[in-house]
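Below: one structure, written as structure tokens.
Quick caveat: nothing in here was measured; it's all calculated off a predicted structure. Counting starts at 1 for both ligands and their atoms, following the listed order. In what follows, residues are counted from 1 in the order of the sequence shown.
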Amino acid sequence: MDPSYYFEADPLRTKAGADVPIALFLDFDGTLVPIANDPGLPRLSPESRQLLASILECGAALIAFVSGRGLRDLKRRVGVPGAYYAGSHGLEISGPEARFVHAGAVVARPAIDALCRDVKRAIDAWEGVTIEKKAYSFAVHYRNAAKGAGPFLHGLLGYEVASRPACREFATIVRGKKVLEVVPLVRWDKGRAALWIADRLRRACLPICIGDDSTDETLFEVFRESGVTIRVGRSRRTSAAYYLRSQGEVRLFLEQIRARKETGSVAGLPPFSR
Ligand SMILES: [Mg+2]
């Protein structure tokens, strides 16, 4: 089914009884910040950081940031204290009383590290191609590369993974927007990571998740029935029930969430423990 425009459908009016606490699951790149040509650039703006921190502080919602970025990198770029952070597509999680690293990621690490070193040697000098090493994976960004680079790189990485027994057993390739990533081959993704976090919230919450990319579809799938699922950018090929047009509209949405609390339309969550 085509997603509906979030602000027209206004699902919180019907889904969230006035006193239902909210848990926000938010992607970072393309959701809270525009996608940049250089993946090293995006950082949450001070205004957005302040807005998200105030949502947590006033108890309007709990917040988890769920990203393909490595955990340390994600925390550094977001910088909202008291939130949950799920990095590397959920393979590493930290937050209030929560620490998690997927065992499969630890097992796959040596094979993926070795592959990363070799791939780096082979393609690092390519114009417009950037390799981003993360704790348990590596990403090959080709946003600035010549046309046709994507399929070529996909073929190259596919060959390298298939021809190394340790990689064949422990690694796989996922595609995002102008990025290919070699990740541990595990039954784990953003959706499962979000469920893991939701289990630790110790109170029933209405999950609201927002993302812009194919890797966010697992979030939309796990919360499609129980929560509010929002894709940034209109697309028919999505499991999200709603869409917002831009990162600017995500900000408007977040302001609405804060305002619900200020206007007293949502019963208080206790202040978030640090
Ligand atoms: Mg994204």
Side-chain angles (χ1 to χ4, degrees), residues 3 6 23-45 48-49 51-52 63-80 83-93 130-132 134-144 150 154 173-183 188-195 197 207-224 227-254:
Y6 176 85
L24 292 173
F25 293 90
L26 305 171
D27 170 50
F28 179 63
D29 294 88
T31 297
L32 294 174
V33 294
I35 291 183
N37 280 337
D38 176 356
L41 288 179
R43 273 179 186 277
L44 201 59
S45 69
S48 293
R49 182 173 301 124
L51 171 60
L52 287 158
I63 302 178
F65 300 97
V66 187
S67 168
R69 286 186 183 266
L71 181 61
R72 276 182 59 186
D73 184 38
L74 177 66
K75 279 180 149 176
R76 204 162 50 87
R77 286 170 199 283
V78 175
V80 175
Y84 289 87
Y85 289 83
S88 302
H89 304 284
L91 291 173
E92 16 170 24
I93 302 173
T130 321
I131 294 177
E132 181 194 356
K134 309 181 190 184
Y136 298 99
S137 67
F138 69 93
V140 180
H141 298 270
Y142 57 92
R143 180 163 296 275
N144 305 313
H154 201 183
I173 300 168
V174 295
R175 280 167 67 176
K177 287 180 179 170
K178 306 284 185 191
V179 60
L180 294 160
E181 191 166 352
V182 178
V183 301
W188 196 253
D189 48 41
K190 284 184 169 186
R192 287 178 168 97
L195 287 176
I197 293 170
I208 302 181
C209 53
I210 315 183
D212 71 306
D213 205 347
S214 49
T215 55
D216 299 309
E217 292 297 324
T218 58
L219 278 175
F220 303 147
E221 280 151 23
V222 298
F223 293 132
R224 168 115 193 161
V228 176
T229 52
I230 307 170
R231 184 177 162 115
V232 183
R234 196 170 186 182
S235 166
R236 289 187 159 199
R237 294 197 327 222
T238 181
S239 299
Y242 307 97
Y243 73 92
L244 288 168
R245 294 193 186 106
S246 64
Q247 293 89 31
E249 287 197 347
V250 172
R251 202 185 143 82
L252 285 179
F253 160 85
L254 292 171

- For Asn144, check side-chain contact (heavy atoms from CB on, under 4.5 Å) against everything at least two apart and list the hits.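 Checked Asn144 against side-chain contact (heavy atoms from CB on, under 4.5 Å); matches are Asn37.
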- Task: List in chain and number order the residues that pass side-chain contact (heavy atoms from CB on, under 4.5 Å) with Thr229, two or more places apart in sequence or in another chain; answer none if no residue qualifies.
- Result: Cys209, Phe220, Phe223, Ala240, Ala241
- Note on the structure: The number of protein N, O or S atoms lying under 2.8 Å from the Mg ion (ligand 1) is 3
- Does the side chain of Ser48 come within less than 4.5 Å of Arg251's, by heavy atoms?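 They are in contact (side-chain heavy atoms under 4.5 Å apart), so the answer is yes.
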- Nearest-0.5 Å distance, NE2 of residue His141 to NZ of residue Lys178: 13.5 Å
- Task: Could you walk me through whether Arg76 and Arg43 pass side chain to side chain contact (heavy atoms under 4.5 Å, CB included), step by step?
- Result: CA-CA 8 Å; Arg76 204 162 50 87; Arg43 273 179 186 277; 3.2 Å; yes
- Note on the structure: By salt bridge (charged side-chain N to carboxylate O under 4.0 Å, His left out), Arg72 pairs with (sequence neighbours left out) none
